[in-house]
Amino acid sequence: MKNKENMYLSRFFLSTMKEAPAEAELVSHKLMLRAGIINKLGSGLYTLMPIGLRTYLKVENIIREEMDRSGAIELRMPLVNPAELWQETGRWEKFGAQLLKIKDRHERDFLFAPTHEEVITDIVRREVKSYRQLPVNFYHITNKFRDEIRPRFGVMRAREFVMKDAYSFDIDEAGMMKSYQIMFDAYMRIFARLGLEFRPVAADTGAIGGKASQEFQVLADSGEDVIAYCPESDYAANVELAEAVAPATPRAAPAEALLKVPTPGKSACEDVAAFLKLPIERTVKCLMIFADDKVQMLLVRGDHSLNEVKAGKLPGCAEWRWATEEEIIAATGCKPGYLGPVGFKGPVIADRTVAAMSDFVCGANAADHHLTGVNWGRDCAEPARVADLRNVVEDDASPDGKGALKLRRGIEVGHVFALGNRYSKDMNCVYTAEDGTLKLAEMGCYGIGVTRIIAAAIEQNHDDRGIIWPDSMAPFRVAIAPIGYRKSEAVKALADSLHDDLTKAGVDVLLDDRDERPGVMFADLELIGVPHRITIGDRGLKDGMVEYQGRRDTAAAKVAVADIRTFIQAKLAT
RNA sequence: CGGGGCGUAGCGCAGCCCGGUAGCGCGCCUGCUUUGGGAGCAGGAUGUCGUAGGUUCGAAUCCUAUCGCCCCGACCA
């Protein structure tokens with residue numbers, strides 16, 4: 001970023017708060033409000049204040065540099081799109097309530113774009129005629145609007161937000177995968193340069209569909225996603241996708257007799273297990289869904305949880321929903337809480353773990369009763385289908401067979417998709433191939449949540465005093481804190497000359513010339529997260545010393561005035 | 001959309017149950033003092049009590065409606 005002369009805090013605009021507004025829950029949200037980075041206009045709508053914009057621009061520039069380096073070409077598409085384009089792909093209807101639709105003065109339908117596949121595909125089908133023009137990768141960095149069901153956590157899940165999205169077009173699948181890899185590599189460079197602790201993970205392709213997909217997750221305990229990874233290998237996947245492999249040991253032979261036991265008021269597996277004095281791993285949880293026009297029974301072990309994405313991948317279950325209580329009673333003759341496969345007439349789909357259990361406990365399809373010693377084949381039919389239904393848990397075997405899985409939470413800041421020809425087919429985006437035939441372009445799409453990165457970085461880098469910016473994202477890299485700026489000629493002279501020298505050297509430096517008390521100055525500079533601080537006061541100056549303190553340092557270091565310029569340059573170089 | 005909660009000064013809150021015309025802390029303004037970790041003293045400004053109806057002699061307080069915001073669930077960068 002080019003430095004301007006105006007790096008005096010008294011002429012900048014800073015609005016800090018001692019107390020965070022009650023609306024904020026998440027640390028990053030609180031700190032962004034307290035540091036004056038954002039200002040709320042409405043639910044999910046935020047102004048990026050001057051200091052926030054400085055950070056934003058640094059992030060944007062790193063992304064732009066790496067995108068350009070990867071060969072992607074920048075353009076900019078409009079926020080408002082005509083409905084017709086979205087009707088071509090069916091997403092005018094299918095995108096759901098998150099799509100904010102509007103009408104213009106002629107009563108024509110428009111929408112606020114939540115993403116830009118349609119627009120870019122339209123551009124390419126009109127502009128690209130020949131294989132000679134491919135591959136091509138266009139990107140832009142702009143505002144998106146998604147009418148989120150529940151905006152929250154400030155800029156983390158805002159309705160209007162900034163996203164960098166790129167779209168690659170190739171002549172065939174091999175080309176697409178090459179473009180995909182190029183983007184993947186660019187993303188690795190971007191998040192590394194931003195100074196974030198992150199991990200690329202295999203992801204579900206979700207509603208967009210496609211062949212391959214990976215998410216870039218910033219690791220943070222407050223993350224909304226859970227990722228499973230294997231410390232012994234490079235396996236890492238979103239739990240939505242992470243495969244729970246079948247148990248290594250085969251099903252044991254039945255050892256117990258089937259027994260119906262009263263379990264009054266005990267419906268949850270934990271309660272049943274405790275009541276029967278059995279480990280919860282012996283129980284089976286019974287979940288009823290409605291899909292494919294019928295009520296179906298899904299079984300997972302009592303201590304496991306259903307993976308709803310996996311459920312949706314079962315045959316005929318793409319549109320599944322939870323069964324209603326009435327449907328459950330009609331299908332089983334029993335209220336939820338005491339259900340089981342024994343005697344159930346409909347389809348039973350068992351998780352791999354459940355299929356390998358013997359002598360297990362499940363509901364008796366009779367209120368306040370469970371069955372113990374249940375065995376497949378003997379007491380009820382083998383499950384109609386055995387599938388991977390559950391979320392992996394810590395210490396599950398890694399699907400690559402190389403150890404045990406660990407879980408961590410993450411914030412999704414980027415996502416790369418090998419899309420294929422879904423959109424080019426719907427929108428007839430074809431090119432003339434070398435052999436003269438018309439072929440569909442193979443697409444990839446690649447998103448980065450630019451504004452979300454700011455929040456994610458704070459989640460990962462803060463302490464009880466405030467933000468600790470990575471150098472790459474700091475609104476100012478160096479702060480000069482003069483004590484007695486307006487009292488001491490010597491302090492002012494050194495502060496000013498240091499400010500000028502650093503500015504000339506291309507360093508983003510902020511001189512706190514407000515003449516505040518030191519406590520106020522330090523507190524503000526720490527809150528806004530400036531990574532390096534130089535403190536100048538008469539007390540040190542009489543010995544020819546100033547102080548340097550890194551934002552993460554516990555104590556300040558004394559540095560001779562004569563050495564401070566080289567000292568700080570050395571700090572900035574690391 | 002379903003469930004829960006909150007709207008009183010820029011921010012954090014009290015007052016509401018039990019109606020009597022609004023208060024505390026921080027911040028802000030003025031002056032003096034202070035100046036190495038969110039200063040001290042003195043003085044001061046700031047509210048259509050979210051909005052609209054209703055009950056009442058009288059409503060921040062009770063009733064109704066409405067809007068906004070936050071939290072928990074389904075979505076995603």
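Just so it is clear, the values below take in all heavy atoms, side chains as well, and ignore hydrogens, waters and symmetry mates. All values reported here derive from a predicted model rather than from experimental measurement. Just so it is clear: chains get the letters A, B, ... in the order the sequence lines come, proteins before strands, and each one is counted from 1.
Across all strands shown, B:rU51 is found opposite B:rA65 as a Watson-Crick or G-U wobble partner, with both distances under 3.5 Å. If you check B:rC28 for Watson-Crick or wobble pairing at under 3.5 angstrom, you find it paired to B:rG44. Across the strands present, B:rG23 finds its partner in B:rC13; the criterion is a Watson-Crick or G-U wobble pair with both atom distances under 3.5 angstrom.
Every residue meeting the side-chain hydrogen bond (donor to acceptor under 3.5 Å, both in side chains) condition with A:Lys294, not counting sequence neighbours, appears here in chain and number order: A:Asp292.
Heavy atoms of A:Asp225 sit under 4.0 angstrom from at least one base atom.
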Pairs of donor and acceptor atoms involving the side chains of residues 533-540 of chain A, under 3.5 Å and at least two apart or interchain, shall be tabulated with distances.
from     : atom 1 : to       : atom 2 : distance (Å)
A:Arg533 : NE     : A:Thr535 : OG1    : 3.3
A:Arg533 : NH1    : A:Glu526 : OE2    : 3.2
A:Arg533 : NH2    : A:Gln549 : OE1    : 3.1
A:Asp538 : OD1    : A:Ser488 : OG     : 2.8
A:Asp538 : OD2    : A:Ser488 : OG     : 3.1

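One cannot find a donor-acceptor pair under 3.5 Å joining the base of B:rC75 and the side-chain atoms of A:Asp147. For B:rG37, its base sits under 3.5 Å from the side chain of A:Arg533 at one donor and acceptor pair at least.
Between A:Arg517 and the phosphate of B:rA39, there is a side-chain N or O to OP1/OP2 separation shorter than 4.0 Å.
Among pairs with a residue in residues 307-327 of chain A, those fulfilling ring pair (Phe, Tyr, Trp, His ring centres under 6.0 Å) read A:Trp320-A:Trp322, at least two apart in sequence or across chains. Applying the side-chain hydrogen bond (donor to acceptor under 3.5 Å, both in side chains) rule to pairs touching residues 306-316 of chain A yields A:Asp204-A:Lys313, A:Asn307-A:Asn391, A:Lys310-A:Asp388, sequence neighbours excluded.
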Are any protein N/O atoms closer than 3.5 Å to N/O atoms in nucleotides 40-42 of chain B? If there are, list each pair with its distance.
none

Using the 3.5 Å cut-off, write out each protein N or O paired with an N or O of nucleotides 67-73 of chain B and the distance between them.
from   : atom 1 : to       : atom 2 : distance (Å)
B:rC69 : OP1    : A:Ser43  : N      : 2.8
B:rC69 : O3'    : A:Lys40  : NZ     : 2.9
B:rC70 : OP2    : A:Ser43  : OG     : 3.2
B:rC70 : O3'    : A:Glu23  : O      : 3.4
B:rC72 : OP2    : A:Arg150 : NH1    : 2.9
B:rC72 : OP2    : A:Arg150 : NH2    : 2.4
B:rC72 : O5'    : A:Arg150 : NH2    : 3.4

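For the ring pair (Phe, Tyr, Trp, His ring centres under 6.0 Å) test with A:Tyr187, the passing option among A:Phe198, A:Phe216, A:Tyr139 is A:Phe216; the others fail.
Computed from coordinates, the A:Arg91 CZ to B:rC76 C1' distance equals 13 Å when rounded to whole Å.
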